[in-house]
Protein chains: 2
Amino acid sequence: MITMTEIARLTGVSQPTVSRVLNGNTAVNPEIRERVLACAREHDFQPNVMAQSLVGSKTRLIGVIVTDISNSFFAELVKHIGEEARKDGYSLILFSSDYDLEKEKECLDVVKRYRVDGLIMVPVDENGAEWRGMVSRLDIPTVVITRHATGIDSFYVAHDEAGAQVARHLHEQGYEEYIFFGNTTDDKYLGFIDGMANECREFRKHLTIISSKDSQVIEAALKEHFAKTTGKTGIFAYNDRRAVQMMGILQKMKIRVPEQVGIVGFDNIYLCEVLYPSLSSIAQPNETMASLAVQRLLYRMDHPNDQKREDHPLHAELICRQSSDLKGGILSK
Amino acid sequence: MITMTEIARLTGVSQPTVSRVLNGNTAVNPEIRERVLACAREHDFQPNVMAQSLVGSKTRLIGVIVTDISNSFFAELVKHIGEEARKDGYSLILFSSDYDLEKEKECLDVVKRYRVDGLIMVPVDENGAEWRGMVSRLDIPTVVITRHATGIDSFYVAHDEAGAQVARHLHEQGYEEYIFFGNTTDDKYLGFIDGMANECREFRKHLTIISSKDSQVIEAALKEHFAKTTGKTGIFAYNDRRAVQMMGILQKMKIRVPEQVGIVGFDNIYLCEVLYPSLSSIAQPNETMASLAVQRLLYRMDHPNDQKREDHPLHAELICRQSSDLKGGILSK
DNA sequence: TTGTACGCGTTATCAC
DNA sequence: GTGATAACGCGTACAA
């Protein structure tokens, strides 16, 4: 791999001259200039970023730590982060913490060793004291994405708001009984509850929670539910994967969607629209979130003394498709 | 960010001594040792990889270029590559070429600038002369994954073989008419054809190809197909996404799966098993492919003079689920 | 306009 | 055992 010094030797000039030519800062003798450029092209010279960063203390590297890169939601996020970073000449050094605090810690160490210019991460536990300590000691501009971390720049979707949106939507469509399907630890559940409280009094009486991932258990729970009630039921699934599972079980049980049961998922994965019935879902503004995060990071890198931190909740969008369209606005199309 | 020199100053020893302590190679006075370690811990010292790599010409970086990181197949691949690399202390610098030759070229330049120790890539066009030229000039150990590139270490699934497997399976299950749904440019199509030729003579008469992605067009094509034939039809979809789309259209048309139509997808995404009916699919040995690729790369990095190149086709597995299980072996479970 | 000298943070090779 | 010293590839102040 050729170096500036080597090019200097080959062209009979000094190394700094080569540097000047290649960086085009200062004026140089056109003749020398051409000679150097020709030589560089011939040997396909690329500057050694490691060396550049040693002297300039800029690595042009952005560390990215996500909890699970194989989750297509994060994969898409990473893609957009990469695109946005690339525009400004930054590259990504990527880690997947796999929801493991130990691994996450390791990632932070490695990120530090590489002296990345900035860090974008999805923390395993944004409230963990240890993590907060590590990040602040890291002394690298950091932006949290997908989660809300107090005192750290954060770009995330307000899950509670999205959940409330689903509640309103299901109620508006005319569903009278409700099922929440998934983890109740997420804010989307809390928001769903709040939203329901606004829509109908005594909603608790009409709310069932199913948390199991086991199809048989779920089927049993549904049977029990439909034994007790005759009303049209709206289901809010924790994510699209679960929504698809639920749709499958409903089909197997010969329950009609959306006539008897309406269902809304979360994440708006690309399969939503090709499913039958197509699946209503909450779409997160993936790309916006990514580009805002990168831009914020770039700003922070340029203004290390700015102590302000941005707390930036974004709004999700409910994409209404056939699966929850009881009133037929879409099915009639 | 603290440096060795700084620690040396603080502890009153020379910088090389600090280096010795931190790397634990040579013996050092236990007393000094403790003092240095304490100081390093206190300031959360991490060695500057940039500097290390300058002198050692080892970046501990593996470049990864995929065509589309948002594709969950590649995302999973990247995850496994990362895990495997991590075991040996390597980190990933990740790029997505977005099937764009220009971008790919750029990625290769950047990868070179970072002096990565090795490169794992999914080329946009593994037969392109320009790409081959770039990679060979790159002078960095390179492994191609997912594709077959002559003269370059390659780890990939034999798509033709997988296609043939599907043909055999559909025939065995008793389907008599066949539809290939998707791009006919892929080897999986060729293999499917070959496999069919083995199973039944005059298969051409019984094969329909649907390439459109438009649901309406597809539905029309299916209607035409079922107007002409009464036989049970086996469909091989280009990938799971298309398979899901096809299943939706079939459901809408009230065509029963697998009784009237059997369907097999490709990629075995996680949704396959929660769909109803659950979707048969070709599973690629994702993890194996990733770890073989990384191991091969590590070997190449250790043996730069070994000119041998490995051409390593892997075998896909057909996961038979309800959607193509006409004989009821699974449904009866 | 061009070359010399130096420093970035580390490892490695020497003497001491 | 430990401390100078050189070297990696580059950018930059300074001198010529």
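Note on naming: letters A, B, ... go to the chains in the order of the sequence lines (proteins, then strands), and numbering restarts at 1 for each one.
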Atom [atom1] of [X] and atom [atom2] of [N]: how far apart are they, to the nearest Å?
| X | N | atom1 | atom2 | result |
| --- | --- | --- | --- | --- |
| K112(A) | dG9(C) | NZ | P | 14 Å |
| R33(B) | dT2(D) | CZ | P | 11 Å |
| L54(A) | dC6(C) | CG | P | 19 Å |
| R115(A) | dT10(C) | CZ | C1' | 11 Å |
| L22(A) | dG9(D) | CG | C1' | 13 Å |
| E6(A) | dG9(D) | CD | P | 9 Å |
| R35(B) | dT2(D) | CZ | C1' | 13 Å |
| K58(A) | dC10(D) | NZ | C1' | 17 Å |

Identify the pairs formed between an N or O of the protein and an N or O of nucleotides 3-5 of chain D at a distance under 3.5 Å, and give each distance.
from: dG3(D); atom 1: OP2; to: S14(B); atom 2: N; distance (Å): 3.3
from: dG3(D); atom 1: OP2; to: S14(B); atom 2: OG; distance (Å): 3.1
from: dG3(D); atom 1: OP2; to: T17(B); atom 2: OG1; distance (Å): 2.5
from: dG3(D); atom 1: N7; to: R20(B); atom 2: NH2; distance (Å): 2.6
from: dG3(D); atom 1: O6; to: R20(B); atom 2: NH1; distance (Å): 3.2

Row check, Y90(A) ring normal vs R60(A) NZ/CZ: under 6.0 Å, within 45°: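 Yes, R60(A) and Y90(A) form such a contact.
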
Between [X] and [N], is there a contact of a side-chain N or O with OP1 or OP2 at under 4.0 Å?
| X | N | result |
| --- | --- | --- |
| N29(A) | dT2(C) | yes |
| N48(B) | dC8(C) | no |
| S19(A) | dC10(D) | no |
| Q52(A) | dC10(D) | no |

Minimum side-chain heavy-atom gap T3(A)-Q15(A) below 4.5 Å: no

Sub-4.5 Å side-chain heavy-atom contact between D117(A) and I140(A):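 A side-chain contact is absent here, since even the closest heavy-atom pair is not under 4.5 Å.
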
E130(B) CD: over 12 foreign heavy atoms closer than 6.0 Å: no

Side-chain donor-acceptor pair present, Y299(A), D153(A), cut-off under 3.5 Å: no

Sugar-phosphate only, base, or nothing, as touched by V55(A) at under 4.0 Å among non-hydrogen atoms: base

Residue closer to the 5' end of DNA chain D, A27(B) versus N23(A) (nearest nucleotide):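 Closer to the 5' end of DNA chain D: A27(B).
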
Test: E76(A) and K79(A) ion pair at under 4.0 Å: no

Residues K87(B), E84(B): salt bridge by 4.0 Å N-O rule: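 A salt bridge links K87(B) with E84(B).
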
